[in-house]
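Have a look at the structure below, then the notes.
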Protein chains: 2
Amino acid sequence: MITYVQVLLLSTWSTTDTSDLKAVQIRPAWRAQVLKEADPTSEALEDATIQQRIHGRLRTDIMLGRIAPGEPLTIRGLAEKLGVSAMPVREALRRLAAEQAIELLGNRRVRIPIMSVNRFEDLLAARIALESEAAVRALPHITAETIAEMERHDTALDAAMARNDYDQWLAANFAFHRTLYAARPDSIFLPLIESLWLQVGPFLRMALENVGPSYTVDRHVEALQALRERNVMALRIAIEADLRDGITHLGQRLMRLDEALTLPAKHQGRRPKSRKISPPPA
Amino acid sequence: MITYVQVLLLSTWSTTDTSDLKAVQIRPAWRAQVLKEADPTSEALEDATIQQRIHGRLRTDIMLGRIAPGEPLTIRGLAEKLGVSAMPVREALRRLAAEQAIELLGNRRVRIPIMSVNRFEDLLAARIALESEAAVRALPHITAETIAEMERHDTALDAAMARNDYDQWLAANFAFHRTLYAARPDSIFLPLIESLWLQVGPFLRMALENVGPSYTVDRHVEALQALRERNVMALRIAIEADLRDGITHLGQRLMRLDEALTLPAKHQGRRPKSRKISPPPA
DNA sequence: ACATTAATAGTGTGATCACAGTTGACTTGT
DNA sequence: ACAAGTCAACTGTGATCACACTATTAATGT
């Protein structure tokens with residue numbers, strides 16, 4: 001008899017070290033979902049540079065969690081896959097690294113950053129601090145059209161949730177918030193907030209696929225109501241509650257994970273402050 | 001090759017089906033801490049890539065306001081000035097653009113973003129929101145050495161102010177705050193905050209040269225006192241007061257400076273109309 | 001047999017070149 | 001003398017190649 005463990009995938013990586021092995025079944029849904037080809041969005045090629053298109057594509061792929069953490073990302077590989085030269089790809093990757101979306105490790109490896117309890121809590125706190133402030137500062141610029149567009153995104157969100165389309169669910173959720181914050185012209189908040197989304201996206205996607213959507217109370221309608229009433233305090237509360245509700249109990253399970261994992265591996269000692277992967281001993 | 005996963009334990013059950021079994025290693029908070037790229041603070045690294053050195057140098061130059069807004073920045077010009085090829089320079093510029101430090105205009109022009117009243121107020125609000133939160137979250141990790149280092153930066157700040165050395169004044173001020181926020185390991189706040197510093201830096205420098213240092217009350221000693229007492233509320237208040245006091249009445253003179261900035265740069269090209277980032281599919 | 005070493009394929013970095021579009025000083029026309 | 005038109009130099013973008021280094025595979029030794 002074999003004991004199976006249902007787990008929430010946080011990250012994957014590869015190595016040749018075979019010490020300390022345990023058997024776990026991996027659900028097929030976790031298999032690496034590589035970039036979908038022929039993404040019909042194709043925001044109008046316009047006159048954008050190739051680097052911009054590559055960047056935008058990889059950006060949405062990461063934000064919506066279409067790229068699994070641990071999946072190998074190489075310049076030449078992406079260039080060949082996307083049918084372009086290596087030049088635009090490396091600039092796009094450099095840009096994504098500056099946005100904290102990917103990590104460029106020193107050993108010629110690129111990966112999506114690993115999620116940890118501390119990092120998750122920090123990301124949530126930063127999102128609440130920035131997004132509630134951005135919402136309040138966007139409030140004076142809200143028009144009826146803005147609210148209408150947010151409502152459209154909200155209905156798209158419900159529809160996506162109804163058919164368990166996590167991809168569209170995440171996209172609609174981000175679009176809902178983005179239209180709110182982008183109402184203020186020349187907002188310096190949006191780039192910072194989207195950097196946070198890029199860091200949370202891959203984890204949210206995996207959490208959704210394993211736990212399912214967790215919105216019991218629709219905070220979006222509360223936010224919309226606060227917008228109509230021009231109620232600053234209600235808006236701030238709604239945004240914070242939206243972020244906290246949709247995420248917190250994922251964070252609670254994350255806590256248990258940390259306990260469950262630190263316990264059996266206590267003999268590994270404290271986590272090293274800074275450790276380099278040592279080259280093969282000569 | 002073996003694939004490892006970092007997982008969150010959700011549930012366990014038993015069965016006899018052994019299909020689709022894979023070997024994984026469960027190690028909590030495992031971090032492949034290979035040297036990350038771009039440690040922005042310490043640019044004195046010896047084995048860094050050329051692109052990293054260029055990026056770090058331009059980064060501090062912008063943050064301390066050594067590059068005047070409107071000064072022409074070209075890839076080949078910087079490459080020749082720094083004695084390197086154009087390749088590292090363009091990647092460094094791309095990275096700085098992603099950090100909101102510079103603007104890549106559509107008409108083949110690069111510039112430091114111009115300051116406006118709205119943008120300045122947004123930057124101040126974002127700094128307060130992020131930095132006070134980062135300070136509070138760093139508080140549990142503060143040690144005596146941290147406070148000692150911050151005091152050293154504070155004395156350096158006073159010394160720089162005494163001799164009107166705005167360059168060192170700004171550097172010491174940023175270093176003071178950075179050591180505080182960096183006390184929390186793996187802080188995701190620091191990159192976001194430094195992005196804000198990069199946007200405020202050029203303007204602060206110009207304001208200093210035109211108005212002079214404006215610290216009447218030293219909020220840094222209050223912050224240090226709050227750190228020693230582990231007083232969360234006092235720390236938050238001190239940080240916010242520090243940012244607000246040091247900047248606010250600079251903002252009052254912002255109007256005149258804004259005119260002075262936009263006036264001589266009339267032929268710098270129009271603001272890019274389509275500066276928004278490509279939204280994900282909705 | 002297993003660990004160690006050598007070899008090979010593959011990686012990011014940096015340099016150089018071609019190209020289309022822009023800039024800005026110069027030429028030209030009146 | 002002054003404005004409009006012109007052209008050469010310059011710009012960022014993208015492609016291709018060389019190089020040092022790495023990780024994976026294959027060969028080797030004990």
Side-chain angles (χ1 to χ4, degrees), chain A residues 13-19 45-58 70-98 102-111 276-282, chain B residues 1-4 32 34-38 45-58 70-98 102-111 265-273 275:
Chain A
W13 65 95
S14 298
T15 180
T16 55
D17 184 11
T18 60
S19 63
L45 316 178
E46 307 174 25
D47 52 343
T49 65
I50 297 181
Q51 174 266 136
Q52 287 173 346
R53 288 203 298 270
I54 304 291
H55 170 74
R57 170 160 181 176
L58 291 177
E71 183 174 338
L73 293 177
T74 66
I75 292 180
R76 288 178 176 84
L78 287 173
E80 187 179 5
K81 187 183 197 61
L82 300 175
V84 296
S85 148
M87 202 70 232
V89 176
R90 62 194 274 192
E91 299 208 338
L93 288 184
R94 184 80 59 192
R95 215 169 134 188
L96 289 171
I102 59 177
E103 265 180 341
L104 269 60
L105 303 179
N107 56 350
R108 318 228 157 157
R109 223 90 212 156
V110 177
R111 74 170 180 196
K276 302 202 294 189
I277 285 189
S278 56
Chain B
M1 184 183 68
I2 302 208
T3 298
Y4 294 88
V34 198
L35 31 109
K36 292 182 186 177
E37 116 146 14
L45 6 133
E46 54 284 355
D47 55 347
T49 65
I50 297 181
Q51 173 267 135
Q52 287 173 346
R53 286 203 299 270
I54 304 292
H55 170 74
R57 170 162 179 174
L58 292 178
E71 184 173 337
L73 293 178
T74 67
I75 292 179
R76 289 177 176 85
L78 287 174
E80 188 178 3
K81 183 195 192 82
L82 300 174
V84 296
S85 149
M87 200 72 233
V89 176
R90 62 193 274 193
E91 298 207 339
L93 287 184
R94 183 80 58 193
R95 215 168 132 189
L96 289 171
I102 58 177
E103 264 181 343
L104 269 64
L105 302 180
N107 53 350
R108 316 227 157 155
R109 227 72 192 172
V110 178
R111 73 168 180 198
K266 65 171 66 173
H267 65 284
Q268 279 193 341
R270 48 271 177 209
R271 299 289 292 269
K273 198 69 178 295
R275 210 174 75 103

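Below, chain A is the first sequence line, B the second, and so on; all start at residue 1.
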Next item on the list: Supply the atom-to-atom distance B/Gln51 CD to B/Arg53 CZ, rounded to the nearest 0.5 angstrom.
Entry: 10.5 Å
Note to self: For a quick check, with a 4.0 angstrom heavy-atom cut-off, what is the B/S/- contact string for nucleotides 10-17 of chain D, read 5' to 3'?
What the structure shows: -BBBBBB-
Check: For B/Ile54 and C/dT13, what is the distance between atoms CD1 and P respectively, to the nearest whole Å?
Finding: 14 Å
Under 3.5 Å, side-chain donor or acceptor atoms of residues 83-93 of chain B against the rest of the protein: list the pairs with distances, not counting sequence neighbours.
{"from": "B/Ser85", "atom 1": "OG", "to": "B/Met87", "atom 2": "N", "distance (Å)": "3.1"}
{"from": "B/Arg90", "atom 1": "NE", "to": "A/Glu91", "atom 2": "OE2", "distance (Å)": "2.9"}
{"from": "B/Arg90", "atom 1": "NH2", "to": "A/Glu91", "atom 2": "OE2", "distance (Å)": "3.4"}
{"from": "B/Glu91", "atom 1": "OE1", "to": "A/Arg94", "atom 2": "NE", "distance (Å)": "3.1"}
{"from": "B/Glu91", "atom 1": "OE1", "to": "A/Arg94", "atom 2": "NH2", "distance (Å)": "2.6"}
{"from": "B/Glu91", "atom 1": "OE2", "to": "A/Arg90", "atom 2": "NE", "distance (Å)": "2.9"}
{"from": "B/Glu91", "atom 1": "OE2", "to": "A/Arg90", "atom 2": "NH2", "distance (Å)": "3.3"}

Item checked: B/Leu73 and B/Leu58, any side-chain heavy atoms less than 4.5 Å apart -> no
